[in-house]
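In what follows, every chain begins at residue 1, and chains take the letters A, B, ... in the order their sequences are listed.
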Amino acid sequence: MSDSPQIAPLLFAWYGRVGRDLPWRHTRAPYRIWLSEIMLQQTTVTAVIPYYQCFLARFPDIGVLAAAAAEEVVEAWAGLGYYSRARNLHAAARQVMELHNGCFPETLEELITLPGIGRSTAGAILAIAHQERGVILDGNVRRVLVRLFALEGDPRSSAAEKQLWLWAESLTPAERADDYAQAIMDLGATCCTPTKPNCPECPLAVHCQAFTQGRQDELPQARAAKAVPTVQQVGLLLADKRGRLLVRRRPMNGLLGGLWEFPTREVLPGATPEASARLLLQELGGSGSVEEAGKVAHAYSHFKLDLRFYRGKAGTAGYVGEGEHDWLTAAALRELALHGAHKKALKFI
DNA sequence: AAGTCGGGGTT
DNA sequence: AACCCAGACTT
């Protein structure tokens with residue numbers, strides 16, 4: 001767009017006054033910038049900070065990360081969510097060691113070939129780590145630009161995305177793209193917020209079409225809400241003679257890959273949860289009845305989980321399931337990289 | 001283009 | 001409850 005407003009100088013001045021002081025803003029090390037960008041995908045700053053510090057203490061450089069076991073990386077990610085990020089981070093670290101001699105790529109094309117790095121994350125790394133003209137389009141920037149240009153319709157549609165990338169490209173300055181990226185993200189996070197934007201203190205208000213039209217509370221237009229199904233499961237707190245409980249590791253790929261959990265199964269259609277729990281107990285080599293322990297509700301973006309836990313006793317035949325498993329004490333369970341919904345069940349033991 | 005993939009904070 | 005978050009990837 002030839003008529004894009006010159007917002008970069010306004011953002012620089014604002015950022016200098018009220019920009020946030022964040023741990024990853026004290027470095028330009030590509031490894032640390034990369035890690036912060038991956039952790040921050042769809043995740044709030046406050047949630048990331050402690051994970052960022054712990055992860056760096058455990059994996060201080062890309063060589064250490066590449067040499068680690070995949071399970072170890074997932075365990076450092078436990079509780080942060082979107083575990084494919086941890087798998088991709090680990091795979092990308094190995095890729096950089098093998099293909100780039102341990103040196104992080106410095107071009108957009110090479111960055112995007114790394115698993116977990118898309119167009120926006122690559123732009124952020126280019127700008128912040130390499131000080132080049134990287135362009136970003138994250139949730140903050142999307143909201144700022146939708147209001148700045150009063151973009152109608154679903155901002156996640158492919159047509160909107162295309163337009164937003166054009167605007168993002170034209171607004172990004174040739175110099176100080178790093179400051180620009182962090183400033184516009186800060187603006188979206190602290191000023192141009194989803195609800196009740198603080199327009200009186202916004203440095204871009206004079207250029208903002210939504211504000212000019214008094215429609216800053218109507219944009220961006222909300223996405224059409226879709227119904228989310230509820231999955232019914234039963235979980236088993238299966239104790240051996242020493243009181244230790246059975247846990248198993250979820251397969252590395254797929255939902256919550258690599259995390260530990262108590263044995264579960266879906267509630268059979270037409271069956272009661274208790275009958276399904278009894279069946280699960282028998283399938284695992286246990287015996288006798290089950291006792292109701294408590295209920296856990298867990299929400300994901302595309303389904304809800306209704307999980308009822310039962311206590312049971314292990315039979316003398318022992319465990320007959322498949323895959324990696326272990327018998328752990330309550331103390332050990334609290335230290336384990338547990339599936340979030342199952343972490344809630346610790347209060348039942 | 002639509003679906004998958006978490007967990008927590010905000011409203 | 002619904003929405004959002006420094007999105008990427010698969011189908």
Between which nucleotides of DNA chain C, read 5' to 3', does contact with chain A run, using atoms under 4.0 Å from its heavy atoms?
C:dC3 to C:dC9
Do A:Trp167 and A:Gln163 meet the criterion of a side-chain donor-acceptor pair at a distance under 3.5 Å?
yes
Do A:Lys304 and A:His298 have side-chain N/O donor and acceptor atoms under 3.5 Å apart?
no
Describe the nucleic acid contact of A:Trp24 in one word from base, sugar-phosphate, nothing, applying a heavy-atom distance below 4.0 Å.
base
Contacts satisfying salt bridge (Lys or Arg N to Asp or Glu O under 4.0 Å) that involve residues 202-218 of chain A (not counting sequence neighbours) are A:Glu152-A:Arg215, A:Arg215-A:Glu218
Sugar-phosphate, base or nothing in reach of A:Ile117, heavy atoms under 4.0 Å
sugar-phosphate
Within 45° of the axis and under 6.0 Å from the centre of the six-membered ring of A:Phe348, does NZ or CZ of A:Arg311 qualify?
no
Would the number of heavy atoms belonging to other residues, nucleotides or ligands and lying under 6.0 Å from NZ of A:Lys313 be above 12?
no
Would you indicate whether A:Glu201, at its atom CD, is surrounded by more than 12 heavy atoms from other residues, nucleotides or ligands within a distance under 6.0 Å?
no
At under 4.0 Å between heavy atoms, which parts of nucleotides 5-11 of chain B does protein reach? Answer with one letter per nucleotide, 5' to 3': B base, S sugar-phosphate only, - none.
BBB---S
Taking atom P in both B:dG3 and C:dA6, what distance in whole Å separates the two?
25 Å
Name the nucleic acid region contacted by A:Arg156, choosing base, sugar-phosphate or nothing; use a 4.0 angstrom heavy-atom cut-off, strictly under.
base
Do you reckon A:Val247 sits in the same ILVMFWY cluster as A:Leu305, going by side-chain contacts under 4.5 Å, direct or chained?
yes
Distance between C1' atoms of C:dC3 and B:dG6 (Å, rounded)
15 Å
Using a cut-off of 4.0 Å on non-hydrogen atoms, how would the nucleic acid contact of A:Val45 be classed: base, sugar-phosphate, or nothing?
base
A:Arg20 or A:Leu114, whichever maps to the more 5' nucleotide of DNA chain C:
A:Arg20
CA sep, side-chain torsions, deciding dist, call: A:Tyr51, A:Phe55, ring pair (Phe, Tyr, Trp, His ring centres under 6.0 Å):
CA-CA 6 Å; A:Tyr51 280 89; A:Phe55 197 97; 9.2 Å; no
